[in-house]
Amino acid sequence: MDFKFDVIVIGAGHAGCEAAAAAAQMGSKTCLITIDMNKIAQMSCNPAIGGIAKGQIVREIDALGGHMGLITDSTAIQFRMLNRSKGPAMWSPRAQCDRAKFIWAWRSVLENQENLSIWQDTVTELMVEDGHVIGLKTLEGAEFRCKCVVLTAGTFLNGLMHIGRVKMPGGRISEPASYLLTESITRHGIRSGRMKTGTPVRIDRRSVHFEEMERQDGENDFHRFSFMGGERQLKQMCCWTCYTNEKVHEILRSGLPDSPLFNGQIQSIGPRYCPSIETKLVTFPDRSQHQLFLEPEGEETNEMYLNGFSSSMPMDIQIRALKEIPAFRDLVIYRPGYAIEYDYFDPTQLKHTLESKVISGLFMAGQVNGTTGYEEAGGQGILAGMNAHLSCHGAGEFTMARDESYIGVLVDDLITKGVDEPYRMFTSRAEYRILLRQDDADLRLTERSFNAGLATRQRYDHMCSKRDAINHLLDFADSFPIKPALINPALEQLGTTPLREGCRLSALVERPQITLNNLSEHVKALKNELAKIEPERREEIIEAAEIQIKYSGYIDRERQIAGKMKRLEDIRIKGRFDYDSLQSLSTECRQKLIKHDPETLAEASRIPGVSPSDINVLLVLLNR
């Protein structure tokens, strides 16, 4: 067996799978090393993909040519589009998946990927020579040589789990932690820290009184995660909701002295936006109830996931508290919730390519960069895998700007701001979110990925046909005249103001009561145009065109703002200043610029502590 590769990926979680698949698809001889081949792409917490802003990231992964969207669609047991009551910039797809089938779908992709090998082992040492990674060693004594390494170890680096006062080493329940690797990396000057996350109890559905809960059904329209389409293959299932109560809270409070989060046992910081149930009690003492979501783990299992009840409380406290909820009065569980502490590395020591500034050839993605979530991991993974391949072959680099993708926002936030708690993506983190909608990720990214060598010709042609159909529909709407006498009866019927004078069809579609579909019932020429679109993509194309018509003013304004910021992206400052000598800058600014050493003026402007006036000083010094 040949132990020499172009790219080696450490860890087969969501970041590692996307990284390995991307590097191999682009042509690099790639090896994916994982502790357990049966846990590839394991959904360590919730068996769901997507959600607010996360769904947009998955659409972007798919647009680039990744696999998360395709596998989610093929294993989905419930799909919903969140935030429909808000504007399309906020719409976010989410799917509940069959956990076991998700794993095996990913394993099938990887095992059949050309240029990709899988090795089951634990990496213990990174081999570095003259500041460049040259290979690695494993627990079983194997020694690999490579040009680039992508580290995606998730929560396994020195992982320690907590259930009450019980502590267990491990990267996930019943899985061993990875030791020695952190120390092998930090000895070269890379800074590390500790973070914490957690997961809830798993419940036997046979013990649940569903009549005491509220049913939450999914949707079954044309929306999918992958732009390549395809029917959902599995049985669609429902989720359920219920609430905690004061009796539950009373029992949980009695267990706080034994809670690792509050007795000093856990020192690291957990995710702010996915708090444990005990953190909710302490943070919101006046709340009499908290909503819980009971979600299926698969179509053929009785195991269910209790979303909203993440906990590291003692096992007996978790069970006693849950039994006070009417639906769980006869509760039977498979295992309690637990917390886990693990190592991560300071992401400000990375480039926009996710390559280390300290060790060349070392790329990092996922929770080792201080993020949380499968989607954030997958987005980093595909970017790191692409850049590892490009680095191996001297083919440049692939990066994405903040106005180009949520993945671009994520990476830029990590390397310029760093993290002091697990990073989770939200739409509010993206200042150009009107440009970063879930409906147009392929129009934004597929061509760039195709030119870089990842997206296939089939995917690129698929995007081009969609783009052409949308543009044709937009041109028709902008040029087709509407006469008041012919349309006013229909407008009154649709609940909107009649016309006083003629207008273009697009002007009518801008009204909130009007859609292309309902207007087509009264405008024969529009109905004929819609009928020309291929049936399997008709609704997708109509929705995309309609969004562009209704929000054209907002979209154009945001593009102008993004264009102004791009001018700062073009002004490179790395190596041009001795920041410590620039007394015209604030002390905090000098300290932050020395620490981060930004590549461009735009990157400098996003560093906390660098003010607009500091940017103006740098512009003056650059004679700009």
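With a 6.0 Å cutoff to the six-membered ring centre and a 45° limit on the axis angle, R429 counts as a cation-pi contact of Y423. R59 forms a cation-pi arrangement with F227, by the criterion of a distance under 6.0 Å to the ring centre and an angle within 45° of the ring axis. A cation-pi geometry, defined here as NZ or CZ lying under 6.0 Å from the six-membered ring centre and within 45° of its normal, does not hold between R459 and F450.
For S465 and R537, the side-chain atoms include at least one donor-acceptor pair closer than 3.5 Å. Side-chain polar atoms of N220 and Q236 form no donor-acceptor pair below 3.5 angstrom. In the model, S44 has a side-chain atom that pairs as donor or acceptor with a side-chain atom of R172 under 3.5 Å. Between E543 and H223, the side chains place a donor N or O and an acceptor N or O closer than 3.5 Å (distance only, hydrogens not considered). Checked by atom type, the side-chain pair T372/Q367 shows no donor-acceptor distance below 3.5 Å.
Looking at R224 and E231, their side chains come closer than 4.5 Å, going by heavy atoms from C-beta outward. For the pair H393/M26, no side-chain contact is recorded, criterion being any heavy-atom separation below 4.5 Å from C-beta on. Residues I415 and T348 are not in side-chain contact: their nearest non-hydrogen atoms beyond the backbone lie 4.5 Å or more apart. Considering only heavy atoms from C-beta on, Y338 stays 4.5 Å or farther from S312 through its side chain. Between P93 and F225 the shortest side-chain heavy-atom distance falls below 4.5 Å.
Counting non-hydrogen atoms of other residues, nucleotides and ligands closer than 6.0 Å to CD of E534 gives a total above 12.
Atom CD in Q291 sits 9.5 Å away from atom CG in N307 (nearest 0.5 Å). In this structure, the separation between CG on N38 and CD1 on I103 is 8.5 Å, given to the nearest 0.5 Å. Separating the CD atom in Q78 from the CE atom in M237 is a distance of 9.5 Å, to the nearest 0.5 Å. The structure places CZ of R191 at 4.5 Å from CG of D346, a figure rounded to the nearest 0.5 Å. E295 CD to M304 CE: the interatomic distance, rounded to the nearest 0.5 Å, is 8.5 Å.
Salt bridge absent: R232 and D73 never bring a charged side-chain N and a carboxylate O closer than 4.0 Å. Looking at E299 and K235, no side-chain N of the basic residue comes within less than 4.0 Å of a carboxylate O on the acidic one, giving no salt bridge. Between D413 and R402 a salt bridge is recorded (basic side-chain N to carboxylate O distance below 4.0 Å). Ion pair E447/R467 flagged as a salt bridge, since at least one NZ, NE, NH1 or NH2 atom sits closer than 4.0 Å to an Asp/Glu carboxylate oxygen. A salt bridge is absent between E397 and K351: the closest approach of a Lys/Arg side-chain nitrogen to an acidic carboxylate oxygen does not fall below 4.0 angstrom. Residues D403 and K566 are paired through a salt bridge, judged by an N-O separation under 4.0 Å between the basic side chain and the carboxylate.
The side-chain contact (heavy atoms from CB on, under 4.5 Å) with Q96 is formed by just one residue from the set N46, T72, I49, T75; it is N46.
Using modelled atom types, no side-chain atom of Y273 and backbone atom of R424 make a donor-acceptor pair closer than 3.5 Å.
When the salt bridge (Lys or Arg N to Asp or Glu O under 4.0 Å) test is applied to K86, no partner is found at least two apart in sequence or on another chain. The salt bridge (Lys or Arg N to Asp or Glu O under 4.0 Å) search around E111 returns R107, not counting sequence neighbours.
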* Criterion side-chain hydrogen bond (donor to acceptor under 3.5 Å, both in side chains) on E355 and S391, from CA distance to verdict -> CA-CA 9 Å; E355 183 180 18; S391 176; 4.6 Å; no
Report, one line per pair, each donor and acceptor closer than 3.5 Å where one atom sits in a side chain of residues 554-565; sequence neighbours left out.
residue: E558; atom: OE2; partner: R433; partner atom: N; Å: 3.4
residue: E558; atom: OE2; partner: I434; partner atom: N; Å: 2.8
residue: E558; atom: OE2; partner: L435; partner atom: N; Å: 3.3

